[in-house]
Amino acid sequence: MSEQEKFNVDAFHEQVLKAIDLIEFSENLQPGQSVPYSSGVEEFKKEAESTVQRPDMKKYICPALKTVTDNAVEVANAITPGLVAGVLAGTILIPLNPILFGWMALIIAKAGVASLCADL
């Protein structure tokens, strides 16, 4: 059985959507309140910021975003399946981590799809 056959894309996608909820919730906490996620999440944010700006990643991301609004869930729904397939095929080199994918969707939504993909 191949790695693609073993990997549950639907379960991963659900984890990405939960990560978006958790990140959005955490960003809206009052200063001094405890953040409900573990350490390392900020590193994924930094990695997501640089990943979505990479020209090779934009070639995968932007075509999937043609009909998507600047909503993080819509962005995640559009980009996750293709990116997971690329990672499993070995054509995209990023970790399969739902927090990273959640941050990527949020960063794209906040920047605006049109802004991110303007140079393509």
Side-chain angles (χ1 to χ4, degrees):
M1 186 176 282
S2 73
E3 187 175 349
Q4 283 182 314
E5 292 170 334
K6 292 179 191 175
F7 190 83
N8 187 333
V9 177
D10 292 334
F12 181 81
H13 184 74
E14 286 301 316
Q15 292 173 344
V16 172
L17 298 179
K18 288 177 184 176
I20 290 170
D21 286 342
L22 180 63
I23 294 165
E24 286 180 324
F25 173 79
S26 298
E27 287 189 325
N28 291 316
L29 292 174
Q30 297 296 318
Q33 283 185 289
S34 298
V35 178
Y37 50 67
S38 64
S39 64
V41 174
E42 287 301 313
E43 286 77 20
F44 281 118
K45 179 181 181 183
K46 291 175 187 170
E47 184 173 355
E49 289 169 340
S50 64
T51 299
V52 299
Q53 294 300 326
R54 288 179 12 203
D56 64 317
M57 289 301 293
K58 286 184 179 185
K59 289 179 184 175
Y60 282 97
I61 293 170
C62 291
L65 297 174
K66 287 184 179 180
T67 61
V68 174
T69 66
D70 294 333
N71 173 285
V73 171
E74 285 186 35
V75 171
N77 289 340
I79 67 170
T80 300
L83 291 178
V84 168
V87 170
L88 293 175
T91 57
I92 299 174
L93 300 176
I94 59 172
L96 274 177
N97 182 292
I99 299 291
L100 174 64
F101 277 62
W103 271 120
M104 288 172 58
L106 284 163
I107 289 164
I108 292 168
K110 288 178 182 178
V113 171
S115 173
L116 178 76
C117 299
D119 55 349
L120 292 182

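Sequential numbering from 1 along the given sequence is applied to the chain's residues. Because the structure is predicted, anything quoted here is derived from the model rather than measured.
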Item checked: Heavy-atom pair with the smallest gap, counting every atom of Q53 and E49 -> CG-O, 3.4 Å
Check: Is the F12 ring parallel, tilted or perpendicular to the F101 ring (thresholds 30°, 60°)?
Finding: perpendicular
Show me the side-chain donor-acceptor pairs of residues 82-96 shorter than 3.5 Å, one per line, residues at least two apart or across chains.
residue	atom	partner	partner atom	Å
T91	OG1	Y60	OH	3.4
T91	OG1	G86	O	3.2

Checklist line | Electrostatic pair K58-D119, nearest N-O below 4.0 angstrom | finding: yes
Next item on the list: Could you tell me which non-hydrogen atom of L106 sits nearest to which non-hydrogen atom of A72, and how far apart they are?
Entry: CD2-CB, 3.6 Å
Checklist line | Distance in Å, C62 SG paired with K59 NZ, rounded so as to fall on 0.5 Å steps | finding: 11.0 Å
Check: Side chains of M57 and M104: does their closest heavy-atom pair fall under 4.5 Å?
Finding: yes
Notebook entry, point to check: Which one of D70, V68, I79 satisfies the side chain to side chain contact (heavy atoms under 4.5 Å, CB included) criterion with I108?
Noted result: I79
Note to self: What's the separation between atom CD1 in I99 and atom CD in E42, rounded to the nearest 0.5 Å?
What the structure shows: 11.0 Å
Notebook entry, point to check: Taking only residues two or more places apart in sequence or in another chain, which ones pass side-chain contact (heavy atoms from CB on, under 4.5 Å) with A76?
Noted result: V16, L17, I20, T80, A105
Margin query: Holding to side chain to side chain donor-acceptor pair (under 3.5 Å), I want the full list of residues that pass it with E74, two or more places apart in sequence or in another chain.
Written below: T69
Notebook entry, point to check: So which heavy atom on D56 is nearest to which on R54, and how close?
Noted result: OD2-NH2, 2.9 Å
